[in-house]
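Before any comments, here is the structure.
All of these numbers come straight from a predicted model, not from anything done at the bench. Scope of the values below: all heavy atoms of this structure, side chains included, with no hydrogens, waters or symmetry mates.
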Amino acid sequence: MRGFSGLTKRNVIVFLKDRQSVVFSLLTSIIVLVLYLLFLKGTFVDAIETVLSQQSMLSGRISAGDIDMFANLILVTGILGSAMITVPFNCLTTIVRDRENRVDYDILATPVKRWQIVLSYYLAGAFSSILLNGIILTVALMVIRMQGNLYLSAADICQTYGIVALGSVSATAVFMILVLFFKTSSASGAFFGILSAASGFVIGAYIPISQFSEKVQTVCNIFPASQVTILLRNKLLGGLLGHMDESIGGIDEGMFVSSIKEIFSFQAKIFSRNLEIREMVCYIAVVLMISLVAMTVIYSKNYRKK
Amino acid sequence: MNCQNVRKRKKQNANTKKNKKLKRKDEDQMNALTVKELRKNYREHTAVDGISFAVKEGEFFAFLGENGAGKSTTINMLCTILKKTEGQVKVFDRELGKEDDEIRQKIGIVFQNSVLDGKLSVKENLYTRGAYYGLSKKQIREKLKPFMKRFELEEIWNRSYEKLSGGQRRRVDIIRALLNDPKILFLDEPTTGLDPMSRKIVWDYIEYLRKEKKMTIFLTTHYMEEVRDADHVIVLDKGRIVADDTPVGLKNKYTHTKLLWYTDRSGERDELVRCFDHSYEADHYIVKMPGEESFCITDFLSVNRDAIKDYEIIKGSMDDVFLNLTGRKLGE
């Protein structure tokens, strides 16, 4: 077991010690933050104010602070959603580099079992993602809390960390299969560039997915990462939306909150069907299980002596 | 008289060799490594073509051959990394393919290219690698103690592996290979690309492991001078064994010791060197003494000491062995 834990530790520190790699793995999240500071926040706030202006009876019932808080929390979900894609992938490129530099030969000549090697790469990817996203979430919550009430209970916060963990383990499992196709680190690097650019759109960090056509929405929501981001949105913004609804006092029969939820994609839409929270969790769990099984089968062949 | 001596010595040598072969058979159970008909095919390409050999415990064994001769493929099979296509291999009586985990505990390997992590410090690299063998931090620390001074490990202990010089990296590679106290150490071209000073340090340590620790050393190399001190050399060419002997044996078999006799040519002198392969060039005779009969030179010189005053003896080299075996020079 020491061999397995030693190898897992090695895989984690190889990734975390490469500062450039860590920064690049968070590049999409950094871009989301920069765009937010430049103009995205304004766009989000405008969208909410447009909904408010459409219903004159709501004017003055939602405070500017709550609208700001809403936009801030939408930003956090965007940052986390993209980081949960890019961090595990970048960490797993260690597999590609190890194969390319024959470091895997060094591991294969030790008593560490083949399945332990595969599992150690997987755990290292998942752990690195949970660690970095956990830090991002903690810092974000602390910073935003200083600006006002988050309307989050301790249980909500714990569940948010749980969603981060679920997103990390599922994305890592999917990418474990994907990285096997890359023979060189330059090829995986090129793919990472595409992944970074696409991830922000797929999870709706730049533009809410609801703004896309139904087909595009379906494609985006097939990826578990999109659904994980939707779960995060529900969990992080649920309290605030509840507070907004209370502020309105029921005069719109919940129309405002429903509109906001639709605009900012609080439900995953697949082929015109909106998935419930439970269905999304099940979907992610099924993808995770399938990926784990596929990973076990594919890697056991790959690491079998050639 | 000279020619008679040559024949007599040849007969004696043949008998000694026969005895040696019989002795080798008896010592089979003391083998660190026994390889029988080992073969590795990659689709139509045969990388290793049915090779058989044995390495005795404590022996310094060398695998000599050009790049692509099949040396690394063989090592990777013996180290349980690659699967053999055919053949039987026993490493300290453990059968390859069936008892791989046990074999992995007994072997250490220094790869051709560095396989440690550049961003990690020497300490981190060695501690993580030690853990692969189930060693605790305390055990690793204990194992590293003897290396600290001998390999000047203290000064590079906290430095990133990628910031080390080529020689320093190689030293760390060797220490890494020794973490599990292997009974046999595989060295796959360990000095390739190293400066002479670093090569010397590496070789000094390998000498120490051989002599003090009685470790079995399995070396692959294409540097001829590195196999000079080996107990047993195999020359591999295109996946096949083309020679298997001691360095001296190989030189004797495949090279000639040359006597350069500086003198004018005459019928009387031609008669003196008649039973040897000889020629005359410019101002000297070139007399090729069969390698295994190099003792002939001393006999020949002592008998003819009045006639031969100005001479030079040139020994056959391992380069000549390879040239004579394969028709190519190493690196060609």
Side-chain angles (χ1 to χ4, degrees), chain A residues 1-25 90-121 123-124 127-128 184-185 300-306, chain B residues 40-43 47 72-73 75-85 96-97 100-121 123-137 139-140 160-162 173 176-177 179-180 182 186 188:
Chain A
M1 213 50 195
R2 226 178 240 148
F4 169 64
S5 59
L7 184 55
T8 309
K9 188 181 165 191
R10 175 256 171 192
N11 294 335
V12 171
I13 55 175
V14 160
F15 170 65
L16 294 179
K17 273 227 158 183
D18 190 348
R19 281 179 204 152
Q20 274 191 338
S21 182
V22 173
V23 169
F24 274 107
S25 71
N90 221 8
C91 182
L92 291 179
T93 52
T94 308
I95 299 175
V96 184
R97 278 197 302 276
D98 283 356
R99 276 209 310 254
E100 196 178 13
N101 302 325
R102 294 270 169 101
V103 175
D104 58 344
Y105 275 26
D106 183 42
I107 303 166
L108 290 169
T110 68
V112 181
K113 304 254 186 276
R114 266 50 177 171
W115 65 266
Q116 289 179 327
I117 297 172
V118 181
L119 194 61
S120 75
Y121 280 123
L123 284 184
F127 175 80
S128 303
T184 61
S185 37
S300 64
K301 277 185 185 168
N302 191 59
Y303 277 100
R304 196 184 294 155
K305 288 193 281 178
K306 290 168 198 150
Chain B
K40 179 70 187 173
N41 295 336
Y42 291 107
R43 293 183 188 161
S72 296
T73 308
I75 274 207
N76 288 333
M77 282 192 283
L78 301 180
C79 291
T80 76
I81 298 164
L82 292 179
K83 196 177 178 182
K84 60 185 165 62
T85 309
L96 186 76
D100 287 358
D101 278 348
E102 287 84 353
I103 291 174
R104 287 176 193 133
Q105 289 284 6
K106 292 177 193 292
I107 59 168
I109 177 165
V110 177
F111 290 91
Q112 210 167 320
N113 302 315
S114 294
V115 289
L116 296 180
D117 298 307
K119 296 281 176 205
L120 269 55
S121 67
K123 177 188 171 185
E124 286 166 331
N125 266 305
L126 294 175
Y127 272 67
T128 51
R129 266 56 180 188
Y132 295 176
Y133 296 93
L135 300 171
S136 67
K137 274 190 177 178
Q139 286 171 311
I140 298 168
S160 296
Y161 181 76
E162 66 184 1
D173 291 342
R176 181 261 169 269
L179 279 170
N180 59 322
F186 291 91
D188 193 3

With A:Y105, the side-chain contact (heavy atoms from CB on, under 4.5 Å) member among B:V115, B:I75, B:N113, B:I81: B:I81
Quick one: CD on B:E124 to NZ on A:K9, what's the gap to the nearest 0.5 Å? 7.5 Å
Proximal component of [X], with respect to chain A [non-hydrogen, under 4.5 Å]:
X: B:S136; answer: both
X: B:N76; answer: side chain
X: B:Q112; answer: neither
X: B:I103; answer: neither
X: B:K106; answer: neither

Cationic N near anionic O, under 4.0 Å, B:D117 to A:K17: no
Got a sec: does the CZ of A:R102 have more than 12 other heavy atoms crowding it under 6.0 Å? no
Looking at A:F127, I'd like to know if its CZ atom is crowded, meaning that more than 12 non-hydrogen atoms belonging to other residues, nucleotides or ligands lie closer than 6.0 Å. no
Compare every heavy atom of [Y] with every heavy atom of [X], then report the nearest pair and how far apart it is.
X: A:P111; Y: B:Q105; answer: CG-NE2, 3.4 Å
X: B:I107; Y: A:A109; answer: CD1-O, 4.3 Å
X: A:G6; Y: B:Y132; answer: C-CE2, 4.1 Å

Side chain of B:R104, backbone of A:L108: donor and acceptor closer than 3.5 Å? yes
Chain B: which of A:R2, A:R97, A:R19 shares the most heavy-atom pairs with it under 4.5 Å? A:R2
Tell me, side chain or backbone of A:D18 under 4.5 Å from chain B's heavy atoms, or both, or neither? both
Test log, rule side-chain contact (heavy atoms from CB on, under 4.5 Å), inputs A:R10 and B:R129: CA-CA 9 Å; A:R10 175 256 171 192; B:R129 266 56 180 188; 3.8 Å; yes
